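Within every chain, numbering begins at 1; the chains are lettered A, B, ... in the order of the sequence lines, protein sequences first and strands thereafter. Quantities reported herein were computed from a predicted structural model and do not represent experimental measurements.
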Amino acid sequence: MIEIRFHGRGGQGAVTASRLIAEAVAKEGKYAQAIPMYGTERRGAPVTAYVRIDDRPVRRRDLVHEPDIVIVIDPILSKKPSVAAGIKSGGLLLLNYPKPPEEVEIGGDFMVSTVDATTIALETLGRPITNTAVLGAFSRVTGIAKLESLEEAILKRFPGEIGKRNVEALRRAYEEVHPPKPAKGPLRPGEEEPPHVTGYGVLKSVADWRVFRPVVDLEKCVSCRLCWIYCPETAISLVDEKPVIDYDKCKGCGICVHECPVKAIEFVREAV
Amino acid sequence: MERLTIKDIPLEEYTITPGSACQGCGPALAARLVFKALGNKVIRHGVPSCPDSVTATPRTFSVFESAGAALTGVSRALKILGRDDVMAVGFIGDGGTYDIGFQALSAAAERNENILWFCKNNEAYMNTGIQRSSATPLYAWTTTTQVGPRGRGKETPRKNLPFIIAAHHVPYVATASIAFPTDLIGKVLHAKKLKGFRYIDILCPCPTGWRFDPSRTIEVARLAVQTGMWALYEIIDGREFRLTYKPKKLKPVEEYLKIQGRFRHLTDREIEEIQRMVDENWERLLKLDEMGEFPL
Ligand SMILES: Cc1ncc(C[n+]2csc(CCOP(=O)(O)OP(=O)(O)O)c2C)c(N)n1
Ligand code: SF4
Ligand code: SF4
Ligand code: SF4
């Protein structure tokens, strides 16, 4: 039996990716189980999902604790060593990360492979929904699901133009993925739990929810206060009538960027 | 309602952020705006729902069904304590308002309890993963109103809860939108000064459940009003009716529907049907506005 754990953020499609893998391998005659981690998965908040694949019907019903493969579809979570918690010896860590495996900081007795799925998703889908791109990398590196079965599963779920663009993302990642290398980085998973649901209430910082960061051009700003009043997270305060953004509170929703009447706020991709 | 400009909106914040709602969450912004206007002399009552925004106020909590009764208790306890400076406030989803909490809500309204009830209306049960409520509009997709060979989304229009609450002869009923913060806050400031049962229904787009990019939350909320899908009005004492936003001409509903995934499946005929419904409703509201009367 092969066990997989996904890490992503609400809105990137980790749960859908787990189902697509299950559907694809089922088409190839295997048995599979996709498990979404039920919690308060909010768009932008960490999300976990699991897959089990076997040649026989899968009877286990618990969550996956010692995965053979961990797939991280979010570039910022890809920097957190805790995503590798519990990976089996000789297992695989597949990261959405813009650098080759040699530059990954996480280390252990497993392999690591990387693909820049966010760039691929932005260029094919126009949005940072990275799940289908990462699946292309998964297919190439593990051979567990064939590219064709994944394509079929994607087109069934997303008919029409959206499906076609997702297949393009899948194929591009299949070509562009960096093959696995031993994970030699200095950071170890340690004892922490892998990141998943953040729960209710007030959070310390949501800086790592962002794919894009709003940046105000104070010269262009006409002090209309609209960005300030529309920010759900009170991330914007007014200092001498000009907006100042608290980046620990900003989730990168883009409302302020979209609503500024003089386009004084730019949305800049966060560096990873 | 009180008329204000954006410069009159208080700078103080009463929400503690960042919260755990999604990026671009409409209800999270609604909470911020409502409590900005109310201040912190508030006991906030909640029932299960999405997290929206935490407020710096004492909180009470109950099951869905008893929010109206629990708020009655809070309000009467405050009266016994002689604390008429503190308000009993419900901030509750459309599932908790239109459906599950409706019986106790109606009872509290009929008794004219001294309560302010806000419905953070995202037109479905979102916390449990987008199930239809009786606030879900006609033909909207939800996970329980599927689109496929046997379904076209929700088969019936939403129920008109603000009118139903007004029919309880309560001092104040209003609709509001997060895209019109001066209108919303003007209504909250007015309601705050009254006594008795007050109800404000705030349309709060939900990017996750309505299927649009989180940067467009305000645009969607604004189009709902500009197309007449969500009219802004107030009803005083169940008698006086006033539209608070009255454009010369409404935008076509298509502009609102086309940017949301939950309406992506609509055919031209279905869009026309919604347009006809909205036009008829708008005519009716214009007449009420002209008469200035709410017919009971
Ligand atoms: C009596 C009862 N039924 C069902 C639930 C499960 N439940 C928790 S939150 C929720 C959704 C509430 O929807 P709504 O009031 O519209 O608020 P939203 O989640 O959309 O903010 C449901 C059904 C519950 N807690 N209690
Ligand atoms: S991107 Fe969203 S959360 Fe960040 S400052 Fe702008 S409106 Fe606020
Ligand atoms: S919306 Fe634009 S112009 Fe208005 S205060 Fe914000 S940055 Fe300045
Ligand atoms: S599902 Fe909708 S209402 Fe709930 S937190 Fe997310 S955006 Fe807000």
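- Proximity to chain A (any heavy atom under 4.5 Å) is shown, for B:P27, by neither the backbone nor the side chain.
- Both the backbone and the side chain of B:L11 come within contact range of chain A, with heavy atoms under 4.5 Å apart.
- Neither the backbone nor the side chain of A:C256 comes within contact range of chain B; no heavy atoms are under 4.5 Å apart.
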task = Check the pair A:E233 / A:K249 against salt bridge (charged side-chain N to carboxylate O under 4.0 Å, His left out), numbers first and verdict last.
result = CA-CA 6 Å; A:E233 298 301 333; A:K249 295 185 181 226; over 6 Å; no
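- No part of B:D52 comes within reach of chain A, as not one of its non-hydrogen atoms sits under 4.5 angstrom from that chain.
- Between chain A and the residues B:A21, B:C50, B:G24, the largest count of heavy-atom pairs under 4.5 Å involves B:A21.
- Taking the six-membered ring where the residue is Trp, the centroids of B:F91 and B:F35 are separated by under 6.0 Å.
- Looking at A:L238, the atoms closer than 4.5 Å to chain B (heavy atoms on both sides) all sit in the side chain, from C-beta outward.
- Remark: B:P149 engages no residue in a side-chain contact (heavy atoms from CB on, under 4.5 Å) (not counting sequence neighbours).
- Only the side chain of B:K36 comes within contact range of chain A, with heavy atoms under 4.5 Å apart.
- In this structure, chain B has no heavy atom under 4.5 Å from any part of A:D246.
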ask   = Passes salt bridge (charged side-chain N to carboxylate O under 4.0 Å, His left out), A:D240 versus A:K242? Steps please.
value = CA-CA 6 Å; A:D240 298 329; A:K242 297 283 182 185; over 6 Å; no
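- With a threshold of 4.5 angstrom between heavy atoms, B:R216 approaches chain A through its backbone and through its side chain.
- A heavy-atom distance below 4.5 Å is not found between the side chains of B:L232 and B:E234.
- B:W141 does not carry B:R262 over the face of its six-membered ring by the limits of under 6.0 Å from the centre and within 45° of the normal.
- In this structure, B:R222 forms no cation-pi arrangement with B:F180, as its terminal cationic atom is not both closer than 6.0 Å to the ring centre and no more than 45° off the ring axis.
- Annotation: maximal heavy-atom pairing with chain A below 4.5 Å, among B:A31, B:S53, B:P207, occurs at B:P207.
- Residues satisfying the side-chain contact (heavy atoms from CB on, under 4.5 Å) test with A:F267, not counting sequence neighbours, are A:F212, A:P214, A:V257.
- Most heavy-atom pairs under 4.5 Å with chain B, from the set A:K204, A:E259, A:R210: that is A:E259.
- Residue A:I162 touches chain B through its side chain alone, counting heavy-atom pairs closer than 4.5 Å.
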